[in-house]
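Notes follow the structure.
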Amino acid sequence: VLVIGESASAQRWSLLGYGGHDTNAALRPLSGLQVLPVLSNGNNTAQTVPLLLSGQALAQLPAQGLVTYLDWARAAGFHTVTLSNQTTSGTAETFFHAAYRQRSEQYLALPAGSFDEALTAPLAQALAQYPQAPLLVTLHTYGSHPRVAGRTPPARAHWDDPYDNSQAYTSELLAEWIGLLQQQAPGRRALLLYISDHGLNLPDCGGQYTHGSAPSAYEVPLLLWANPAFAQAQPAWMAALAAHAQAGTDGLPRYDNRVFPATVADLLGYHLPYPSLGAAQLPPEPQFAGQPYRQLRQQPSCDLSTVRPLP
């Protein structure tokens, strides 16, 4: 199960060091879980999701189009089900809308205004429909998208901060979806991989949870959960994952978001140049506009859009 989140910043995940509200309380009791911060290649969905689907940025679109992980999965014999809460907002289909519709055996787009919990029932149905066959389900959520106060059902809002509420709501849903995998696939190898497409500007950079170019808009959470059957079948893979997920002393990303498609490719039996979370190889130092991101973050900044590649 692959979950593409929306507008979640790693800087507001309590499992990644956020000292405010416990936004990941629902995930804490789960075993088999690894969480790490990742550097996104952009600060909006149009930039980031094509890379998450294919491992390539849309600006590098070849004449024959981009091959996505949906294509890899079908070629590897997986059934593909895509459940999306990302509407076209009345505009023409984007690359990822078309890819979901054209390359999935089953595709469901929720009505505009739906809460992400509406993805739970069709996920359960897909798991029940294919109890033994290889299956890849994509859940594309609306997450913490602006206007963020409308992303959490009122009954599930815990605090006065709407962004933290949306992060907690996402964590609760991830825990519920992991629970479905535990219940419906106890003897099968099962895995859930989550990443947010990008983050948002936070109030300390002058924004009220809006799109922007602060570091919080580019640092996103990645989560991987694997059940005991997968862990027992892939001990070396899981050991590499545990090593890579160890937090750095500075808490900054050690991977960029190419790790998501690289890990999916690896799990499906393919190989991308960027290392998977299950590979022994370490990733190159994350770069932003051609400069080492770690060095950029040593200087306080609320606007990374001013960074230019070095001559």
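FYI, side chains are in, hydrogens and waters are out, and symmetry mates aren't considered; it's all heavy atoms of this structure.
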Is the side chain of [X] donor-acceptor paired with the backbone N or O of [Y] at a distance under 3.5 Å, no angle test?
{"X": "W225", "Y": "S31", "answer": "yes"}
{"X": "D266", "Y": "L277", "answer": "no"}
{"X": "D164", "Y": "D161", "answer": "no"}
{"X": "S104", "Y": "R101", "answer": "no"}
{"X": "T23", "Y": "R12", "answer": "yes"}
{"X": "D116", "Y": "G143", "answer": "yes"}
{"X": "Y274", "Y": "D256", "answer": "yes"}
{"X": "S216", "Y": "L200", "answer": "yes"}
{"X": "R258", "Y": "P275", "answer": "no"}

Intermediate values then yes/no, side chain to side chain donor-acceptor pair (under 3.5 Å), N201 and T210: CA-CA 5 Å; N201 273 21; T210 57; 5.2 Å; no
Among L304, D250, L252, find the residue that satisfies the side chain to side chain contact (heavy atoms under 4.5 Å, CB included) test when tested with R297. L252
Identified side chain to side chain contact (heavy atoms under 4.5 Å, CB included) partner of T48 from the options V220, N43, D197, I195: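 Output: one option passes, namely D197.
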Decide if the gap between the ring center of W72 and the ring center of F78 is smaller than 6.0 angstrom. no
Aromatic contact, H211 with H145 (centres under 6.0 Å):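 Centroid separation for H211 and H145: below 6.0 Å.
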Show your reasoning for whether side chain to side chain contact (heavy atoms under 4.5 Å, CB included) applies to L139 and L2. CA-CA 6 Å; L139 305 175; L2 306 177; over 6 Å; no
Stepwise, does the side chain to side chain donor-acceptor pair (under 3.5 Å) test hold for T152 with N165? CA-CA 7 Å; T152 306; N165 281 331; 5.8 Å; no
Got a second to check how far H79's NE2 is from E105's CD, nearest 0.5 Å? 5.5 Å
